[in-house]
Asks: 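Sharing a structure, written as structure tokens. Questions coming.
Ligands are counted one by one from 1 in listed order, and the atoms in each one are counted from 1 as well. Side chains are part of it too, since the values below use all heavy atoms of this structure and drop only hydrogens, waters and symmetry mates.
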Amino acid sequence: MARRKYVVGNWKMNGVSAALADAQAIFAGAEARPAVDVALCPPFTLVGAMVAAAPAGAAVGGQDCHSAASGAFTGSVAAAMLADIGARVVIVGHSERRDGFGESDADVRAKAEAGLGAGLSVILCVGEPRDVRESGGAIDHVLAQVAGSVPDDFDPHRLAIAYEPIWAIGTGLVPTVADVAAMHGAIRGALAARFGDAAADMRILYGGSVNGENAAELLGTDDVDGALVGGASLTAAKFLPIVEAAAAL
Ligand code: 13P
């Protein structure tokens with residue numbers, strides 16, 4: 001069966017209660033495009049309220065989780081705690097966590113396992129910095145991240161990879177379609193080598209400066225099964241055109 005397109009908003013550290021109206025508008029628009037799976041990942045403080053404000057069954061997620069189930073980890077949130085307040089998704093391994101909080105591939109793998117264990121769908125991020133792209137090492141870098149951070153055993157429908165070149169995040173820069181296709185094809189190949197037929201059920205999202213103008217081309221690229229969107233996910237006016245572009249494919 002063809003993989004359903006998946007468009008995910010990562011609100012990062014943006015939004016207080018007033019932003020729930022934006023989430024409601026986004027989910028209302030998404031309901032009108034049922035062929036596309038849509039999820040929003042607001043700051044942790046809004047997850048519970050967004051679940052309550054969204055239509056039943058809407059996918060709301062966290063942006064990170066701890067790998068442990070509980071314990072002395074001040075400031076952290078366990079995957080089961082996200083599930084407990086109605087989250088259905090968690091992002092792990094975002095470059096802003098790998099780089100800003102020193103998370104290793106092993107840390108990201110442990111978080112992915114925690115998310116899956118708590119019954120959440122996981123979006124596991126990988127991506128290369130600019131100097132690695134410029135030196136021609138992007139594919140090797142990303143495949144090493146995939147090898148090190150994707151768990152061994154999981155339902156392929158519940159783990160998506162998000163390829164987010166770090167230099168494309170929040171910059172307005174995007175790789176060429178050829179480079180996106182090459183990277184996504186390489187990731188699919190590595191997953192197939194490791195997981196066999198199950199790799200065909202795993203979705204590979206592109207992230208980094210996706211917007212209403214470039215979404216159709218990016219989402220129409222081979223092996224691009226959706227988008228992980230930052231800045232353009234904060235309002236319905238910017239996000240729904242991306243969902244529409246996915247629905248039109
Ligand atoms: P932008 O869409 O703002 O470039 O952010 C991408 C991202 O990091 C999503 O996780």
Asks: Using a strict cut-off of 4.0 Å, indicate which atoms of ligand 1 neighbour a heavy atom of Gly231.
Replies: 1 (P), 2 (O), 3 (O)
Asks: To check you understand the geometry: which heavy-atom pair defines the closest contact between Gly61 and Val47, and what is its length?
Replies: O-CG2, 3.8 Å
Asks: What part of Asn10 sits under 4.0 Å from ligand 1 if we count only heavy atoms: the side chain, the backbone, both or neither?
Replies: side chain
Asks: Which residue in the set Leu191, Val122, Val142, Leu205 passes side-chain contact (heavy atoms from CB on, under 4.5 Å) when paired with Ile161?
Replies: Leu191
Asks: Counting both backbone and side chain atoms, is some N or O of Ile169 under 3.5 Å from an N or O of ligand 1?
Replies: no
Asks: Going through the checks in order, is the ring-ring contact (aromatic ring centres under 6.0 Å, His included) test met by Phe239 and Phe27?
Replies: CA-CA 10 Å; Phe239 192 60; Phe27 282 120; 8.8 Å; no
Asks: To the nearest 0.1 Å, how far is atom 2 (O) of ligand 1 from its closest protein heavy atom, and which atom is that?
Replies: Gly230 N, 2.8 Å
Asks: Backbone or side chain, does any N or O of Thr171 fall under 3.5 Å from an N or O of ligand 1?
Replies: no
Asks: Using only atom types and a distance under 3.5 Å, with no angle test, would you say the side chain of Gln145 pairs donor to acceptor with the backbone of Gly127?
Replies: yes
Asks: Counting heavy atoms only, which of Gln63, Lys12, Glu96, Lys238 is nearest atom 8 (O) of ligand 1?
Replies: Lys12
Asks: If you define the side chain from C-beta out and look only at heavy atoms, does anything of Val51 sit under 4.5 Å from Ile85?
Replies: no
Asks: Using a strict cut-off of 4.0 Å, indicate which atoms of ligand 1 neighbour a heavy atom of Ser209.
Replies: 1 (P), 2 (O), 4 (O)
Asks: Does Glu96 form a side chain to side chain contact (heavy atoms under 4.5 Å, CB included) with Ile169? I'd like the steps, not just the answer.
Replies: CA-CA 10 Å; Glu96 288 153 16; Ile169 294 175; 3.6 Å; yes
Asks: Which of the atoms in ligand 1, numbered in the order shown and given with their element, are less than 4.0 Å from a heavy-atom of Glu164?
Replies: 6 (C), 7 (C), 8 (O), 9 (C), 10 (O)
Asks: For Gly208, is the nearest heavy atom under 4.0 Å from an atom of ligand 1?
Replies: yes
Asks: Check the orientation of His184 and Tyr206. Use parallel for under 30°, tilted for 30 to 60°, and perpendicular for over 60°.
Replies: tilted
Asks: Give the numbers and elements of all ligand 1 atoms closer than 4.0 Å to a heavy atom of Leu228.
Replies: 9 (C), 10 (O)
Asks: Please state whether Gly170 comes within less than 4.0 angstrom of ligand 1, counting heavy atoms only.
Replies: yes
